[in-house]
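To start, the structure itself, in structure tokens.
So you know, we letter chains A, B, ... as the sequences are listed, proteins then strands, and number each from 1. Keep in mind that what you see is a predicted model, and the values were worked out from it rather than measured.
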Amino acid sequence: MSGLLVSVAVPVPLYTAFDYRVPDGLVLHPGMRVRLPFGRRELTGVVLRSGVEPDPAAPDGHYRELLQALDPAPLLTDDALALAQWIADYYRHPIGEVVAAMLPVALRSDEPARIRHEPAYALTDAGRAALATLPARSLRLRVLLQQLADQGALLRAAIAAPAAVLRRALDAHWVVETVAAVAAPVPVPATQPALTADQAAAVAALQAAPGFGVHLLHGVTGSGKTEVYLRAIAEALAAGRQVLVLVPEIGLTPQLLQRVRERFGPVAVAGSHSGLSDAERAQVWLRAATGELAIVVGTRSAVLLPLPRLGLVIVDEEHDVSFKQQDGLRYSARDVAVLRAQRAGAPVLLGSATPSLETLQHAVNGRYQWLRLPRRVRQVPPPQLQLLDVRGLHLQDGLSAPLSAAIGRHLADGGQVLLFVNRRGYAPTLLCHDCGWSAQCRHCDSRMTWHRGRGRLICHHCGARQAAPRACPQCQSRQLLALGQGTERVEEALRERFPGARVERFDSDRLRSLRQLDALLRDTRDGLVNILVGTQMLAKGHDFAGLTLVGIVDADQALYSVDFRALERMGQLLTQVAGRAGRADRPGEVLVQTHQPEHPALRRLVTQGYDGLAELLLTERQIAGLPPYAYLAMLRAEARVEADAIGFLQAALAQLPAVDGVQALGPVPAPMERRAGRYRAQLLLQSPDRSSLHRVLKPWTLELDAIPGARGVRWSLDVDPIDLY
DNA sequence: AGCACGCCGACT
DNA sequence: GTCGGCGTGCTC
Ligand SMILES: [Zn+2]
Ligand SMILES: [Zn+2]
């Protein structure tokens, strides 16, 4: 037995790998899973390195022996392990947890990694004979046998016959189940539609720049970004490469997945909300690892899939905040995608109508190739945003008279109307008119939202709920006022005001499942719904051909926000929602209710669109020293005792290595200090360049666990945070 | 994070 | 007398 050790990534929140002795006769390679003793526990880890020299100073018996190898060959490639190491370093997260995050849940235990090939069905000789002799009346059986005779072995999904017919054929031994791998259907594009001039230029630019490169596909809604994606995919497939398509949410925007399927046939889905079981996810993971899957469409976590032949990455709606994980390993799937593509020598296509300022900045300075699709495919003029100054106007349930009148006008003309409201529930505040009491959450520094339909008060920050009182709990007055408005209230008001119209609410309260959403979307497309009231849910993807008016009930929230990204998000959201309006015969009208019609950001958005706003915001960010002109890291802490959170951060600040240019801001209490019964505080680091920031973070994070009192404090470090609270 | 050990308060 | 509270130490 050699005296050399292996270094193993163990799934525990510790910033180190652990070295083990190898049992006699076992040959281990990096990437193989192993069972190991860990303290008093037994865990599954992944070998990172073999041939590790033992520390001569280590006492006898320091190194324990691995129990067994779980895989005959590495499950993770060297490339995957290097990616894990990069992610662990960059996001300052324990290597064992990063490696675990790269594996599907089913393979984090001691389960064997076996591909279960979907059975295929093949015609037997007896079946071939039967085909000649079967009576004509056994039509469906004949069709089945004929299909197999013509096309060879087929997967179940490719067989047209119903289950009962296939069963009969199997029972008669005319057809057999076979495990022989059916040649994966080579996705051959069906006929491709002609490109517009803009699309053709974008496709040509992509073709002219093979290999790694980041391309921003900046196209207005309806400009045909998807067709450019599909051409790029076809190109990568033709070169025998795998394609990864990242989308914000599979469920809410099935259009892209559907278009890819229409063009290329079966496509694997991955990530959250993919509707797959743990076992199915493991199968997708394993088949991606073999290179068998040509195209994978997935959400954030799909960027961690093993893709040995990766030849193209597409990030659709690249500005979407859901690409950044908001807990645990806080990685940005968009940024990891760029890194992966670089390592694979593949192009990345970042698509958006409203690119993030980070991406836009790279395009401006030429690091990213800027591909623009400024025109809609169908020659519909883009909708024009119009500010509706509501100062001094009476607002009934949040709606001004001019907005109501516009709604009536559009309905009378047979148009559909969309009202965008950024809040769920009936009203965000319930206030006693007599004594000033308002419904506060017991666990948070926040008011509870009145959900009138359900007769409840619900805290949107911690989920706490209670029955809505009929009288003031403090003074028994019945004068309870609903302040502000959510979707429920606007919906109700519109029902009263337009009794003949069908009003439907689109939010997560009303639509508990995708089926319900689909049903309502279908009714909307069929013209059965006249007014749509909804949250962000309506901002994405869906095209409503009959929609002629979009109303933004309250654009002001973002204008008062302390979050430095609030205006960027407002611009993205309003532009997206506005993009829903307009139909073939006339441009859409978009009315934005505001109390601040002179606000420079709002003015810029209206007069010059998102691109103009982005230019303004970039200038402001540069002056303020904020991303993309600076790099941030946020250390957050929360504790049951108020002083503990701040105390921990003060201790952390005292440990902060001094590096030129890196500034600490704080610690300060979080904007909402108490949430879900815990007190929260934060310490922000700001740096003019990435490398200085990381020179600080690397030694610093190693010290944080050792801070006295760190035990009772939950803390996390967020590199490149998107929310500053 | 687990899971131990360890040393002080109110129970059968 | 012990059952159990959570402080703190460690995991190759
Ligand atoms: Zn009262
Ligand atoms: Zn709450």
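- Using bins of under 30°, 30° to 60° and over 60° for the plane-to-plane angle, the ring pair A:F38/A:F18 lands in the perpendicular bin.
- In this structure, a donor-acceptor pair under 3.5 Å is present between the side chains of A:T359 and A:E318.
- For A:H461, the ring-ring contact (aromatic ring centres under 6.0 Å, His included) criterion is met by no residue, not counting sequence neighbours.
- Within the nucleic acid shown, A:Y20 comes within 4.0 Å of sugar-phosphate atoms alone, with no base atom in reach, counting heavy atoms only.
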Please enumerate all protein N or O atoms sitting under 3.5 Å from an N or O of nucleotides 2-7 of chain B, with distances to 0.1 Å.
| residue | atom | partner | partner atom | Å |
| --- | --- | --- | --- | --- |
| B:dG2 | O6 | A:R711 | NH2 | 3.0 |

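- Residues A:R456 and A:Q466 have side chains that never bring a donor and an acceptor to within less than 3.5 angstrom of each other.
- The residue A:L36 sits apart from the nucleic acid: no heavy atom pair falls under 4.0 Å.
- In the region residues 636-655 of chain A, proximity to DNA chain C at under 4.0 angstrom, judged on heavy atoms, holds for none of the residues.
- In this structure, A:P37 reaches the sugar-phosphate backbone alone: every heavy-atom distance under 4.0 Å involves primed, P, OP1 or OP2 atoms, never a base.
- DNA chain C lies under 4.0 Å from no heavy atom of any residue of residues 87-111 of chain A.
- Within 6.0 Å of the CZ atom in A:R447, the count of heavy atoms belonging to other residues, nucleotides or ligands does not exceed 12.
- In terms of the ring-ring contact (aromatic ring centres under 6.0 Å, His included) criterion, A:W285 has no residue partners (sequence neighbours excluded).
- The side-chain hydrogen bond (donor to acceptor under 3.5 Å, both in side chains) analysis of residues 40-51 of chain A, with sequence neighbours excluded, yields the pairs A:R35-A:E42, A:R35-A:T44.
- Side-chain rings of A:Y631 and A:H694 stay apart, their centers remaining 6.0 Å or farther from each other.
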